[in-house]
Amino acid sequence: MPMQPWFTDAKLGIFIHWGIYAVDGVQESWSFYDDIVPYDRYMSQFDRFTASRYDPRDWAKLFARAGARYAVLTSRHHDGVALWDTAHGDLNVGRDLIGGYADALREQGLKVGLYYSHSDWSHPDYASTRKPGRPPELEDNRYSEVAAEFEDLDAWERFLAYRDGQIRELTSRYKPDLLWFDGEWDRSAEQWRIPELAALIRSEVPDVVFNARMLSEGDYATPEQGAPVVPPEGPWELCLTLNDSWGHQHHDHNHKSVDQLVRYFTETIGGGGNLLLSVGPREDGTIPQEHVERLEGLGDWIAKHAEAVYGTERGLPAGHHYGPSTLSKDRRTLYLILFDAPRAEINVRGLLGSIRRVTVLGSGTELAHRITGGLHETPGVLWIEPPAAADLDPHATVLAVELDGELELYRGSGRF
């Protein structure tokens with residue numbers, strides 16, 4: 001399927017990890033899987049998960065202020081607890097917490113994403129088989145697999161029927177624009193029946209976007225937490241937490257600053273990707289104020305520099321400019337991002353063709369520029385006058401370099 005252009009133009013999404021794990025502030029699913037929290041204690045959060053102050057319209061308005069164009073909500077994590085009143089399986093919150101979310105996003109013009117884990121470590125039929133090729137000497141985790149001699153393929157078929165039933169509910173009820181799968185490592189693509197699953201989903205939402213954890217059917221790469229040094233080819237998305245946790249953990253106050261978020265964001269879009277920034281609502285559905293402030297701070301920066309963000313393409317490869325950059329769709333305007341106040345002229349190397357003008361985005365101030373050097377096919381270096389203090393943005397300043405034609409780069413080694 002061709003990639004949906006809305007996704008590559010969106011640049012920012014919000015990743016919402018919300019579930020019963022927010023009650024005690026423990027790690028989602030992994031806390032019982034890794035025997036950090038006993039399973040019964042983990043599940044005791046179920047009756048204390050209230051969603052009593054959940055207002056999806058407030059969420060959607062906040063995400064819009066942040067500059068996001070889509071959001072992804074954990075409809076069911078590896079713990080098996082569904083956030084909607086599913087008719088399949090025994091673990092759900094007894095009401096629909098997804099419908100209002102989808103409606104509220106669409107009211108704000110945002111695309112609707114749903115996270116769904118292939119794995120379900122609570123389902124009685126899930127730990128009925130194991131991934132082919134898994135070495136027998138590796139210790140089995142009782143929540144996810146059994147020893148080869150105890151495999152029960154009939155139970156696995158029942159699990160797939162349960163999974164397909166939930167997916168039909170999600171796609172027919174909410175018509176998601178994006179499905180963000182996880183947990184794919186537990187089984188092979190053949191065991192998951194990925195092509196059949198994709199066909200089932202597309203029968204309800206033909207233009208849906210899949211992340212790479214739909215394996216052979218994935219549309220884009222999904223690096224997690226670690227920002228790639230060399231950006232992936234094609235569409236991609238960096239999923240990143242605002243602090244150190246995906247879901248709400250009471251003790252985690254190690255929040256990233258707005259400065260850091262602007263850097264993550266611009267480095268990601270400069271490499272042609274989207275940033276999927278995670279927030280962890282409390283069990284009552286409210287988003288912590290520290291998250292709100294950071295989302296709004298990032299949104300203020302994006303609003304001021306929207307021209308250099310939305311609908312742009314990946315910018316200059318490393319070595320041409322000391323910082324990220326983006327490129328307009330017509331390839332005639334290059335946006336240079338400066339994290340620090342320049343102490344001298346800003347230089348750009350390898351630009352072929354001439355420059356019409358350079359301005360500071362946001363203020364419109366025009367900056368003098370000149371080109372020095374160059375020999376034969378090797379172009380000279382573009383030098384740009386540093387902006388005055390009044391034109392500098394407190395987080396990152398953007399210069400718009402207007403070209404006489406489409407961007408062309410010299411990538412050679414010069415004359416030997």
Side-chain angles (χ1 to χ4, degrees), residues 3-15 17 66-72 113 115 178-185 209-246 254-279 294-295 298 301-302 305 308-329 331 334-340 348-350 395-396 398 407 409 411:
M3 187 54 168
Q4 296 300 309
W6 73 258
F7 179 84
T8 50
D9 288 345
K11 306 307 177 186
L12 181 66
I14 305 298
F15 207 178
H17 280 71
R69 296 292 174 88
Y70 65 106
V72 178
Y115 167 112
L178 184 152
L179 276 169
W180 209 104
F181 283 92
D182 199 9
E184 81 294 344
W185 63 83
V209 175
F210 293 135
N211 71 333
R213 300 174 198 193
M214 262 294 273
L215 303 173
S216 60
E217 298 290 335
D219 295 306
Y220 67 90
T222 314
E224 182 175 323
Q225 292 286 57
V229 176
V230 178
E233 296 293 330
W236 63 282
E237 171 192 75
L238 171 64
C239 39
L240 183 76
T241 52
L242 271 169
N243 48 13
D244 293 329
S245 310
W246 296 107
N254 189 31
H255 294 92
K256 297 172 180 67
S257 67
V258 175
D259 272 344
Q260 289 174 319
L261 294 175
V262 168
R263 290 193 181 216
Y264 272 112
F265 178 65
T266 54
E267 287 169 352
T268 299
I269 67 172
N274 290 357
L275 181 64
L276 185 63
L277 192 57
S278 183
V279 300
R294 282 155 178 81
L295 291 179
L298 177 59
W301 186 90
I302 291 174
H305 303 95
V309 174
Y310 300 117
T312 58
E313 300 177 355
R314 67 178 65 201
L316 299 170
H320 290 272
H321 163 61
Y322 294 107
S325 60
T326 60
L327 183 65
S328 63
K329 270 286 173 62
R331 299 183 60 82
L334 181 65
Y335 300 99
L336 307 177
I337 295 152
L338 314 176
F339 292 137
D340 303 305
V348 185
R349 294 171 296 202
H395 302 299
V398 180
L407 175 71
L409 294 177
R411 300 285 288 161

Can you tell me how far the [atom1] atom of [X] sits from the [atom2] atom of [Y], to the nearest 0.5 Å?
X      : Y      : atom1 : atom2 : result
Phe210 : Met3   : CZ    : CE    : 11.5 Å
Glu313 : Ser328 : CD    : OG    : 7.5 Å
Leu298 : His395 : CG    : NE2   : 9.0 Å
Asn211 : Glu224 : CG    : CD    : 10.5 Å
Tyr335 : Ile269 : OH    : CD1   : 11.0 Å
Asp182 : Glu184 : CG    : CD    : 6.0 Å

Hey, are the side chains of [X] and [Y] touching, using non-hydrogen atoms and a 4.5 Å cut-off?
X      : Y      : answer
Phe7   : Arg69  : no
Leu242 : Val279 : yes
Leu261 : Arg294 : yes
Asp9   : Lys329 : yes
Leu336 : Leu316 : yes
Leu409 : Pro317 : yes
Val209 : Trp6   : yes
Phe339 : Glu267 : yes

>> What verdict does the side-chain contact (heavy atoms from CB on, under 4.5 Å) test give for Leu327 and Thr312, after you've listed the backbone C-alpha separation in whole Å, the side-chain angles of each residue and the deciding distance to 0.1 Å?
In response: CA-CA 5 Å; Leu327 183 65; Thr312 58; 5.9 Å; no
Judged by atom type as modelled, is there a donor-acceptor pair below 3.5 Å linking the side chain of [X] to the main-chain atoms of [Y]?
X      : Y      : result
Asn243 : Asn254 : no
Asn274 : Gly13  : no
Thr326 : Ala308 : yes
Lys11  : Thr268 : no

>> Ring-plane angle category for Tyr115 and Phe15, please: parallel below 30°, perpendicular beyond 60°, tilted otherwise.
In response: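 Because their plane-to-plane angle lies in the 30° to 60° range, the rings of Tyr115 and Phe15 count as tilted.
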> In terms of the angle between their ring planes, are Phe265 and Trp301 parallel, tilted or perpendicular, with boundaries placed at 30° and 60°?
Replying inline: perpendicular
> Which pairs with one or both residues in residues 221-241 pass ring-ring contact (aromatic ring centres under 6.0 Å, His included), sequence neighbours excluded?
Replying inline: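 Counting only pairs at least two positions apart or across chains, no ring-ring contact (aromatic ring centres under 6.0 Å, His included) contact touches residues 221-241.
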Shortest non-hydrogen contact from [X] to [Y]?
X      : Y      : answer
Arg263 : Asp340 : NH2-OD1, 3.3 Å
Cys239 : Thr222 : SG-CG2, 3.9 Å
Gln225 : Asp244 : NE2-O, 4.5 Å
His255 : Gln260 : O-OE1, 4.5 Å
Leu238 : Pro228 : CD1-CD, 4.5 Å
Pro231 : Arg314 : CB-NH1, 3.9 Å

> Are Lys256 and Thr241 close enough, and set up right, to give a side-chain contact (heavy atoms from CB on, under 4.5 Å), and what steps lead you there?
Replying inline: CA-CA 9 Å; Lys256 297 172 180 67; Thr241 52; 3.6 Å; yes
> What do the steps show when you test Trp180 against Leu276 for side-chain contact (heavy atoms from CB on, under 4.5 Å), and what is the final call?
Replying inline: CA-CA 11 Å; Trp180 209 104; Leu276 185 63; 3.5 Å; yes
> Can Leu178 and Asp219 be said to form a side-chain contact (heavy atoms from CB on, under 4.5 Å), step by step?
Replying inline: CA-CA 10 Å; Leu178 184 152; Asp219 295 306; over 6 Å; no
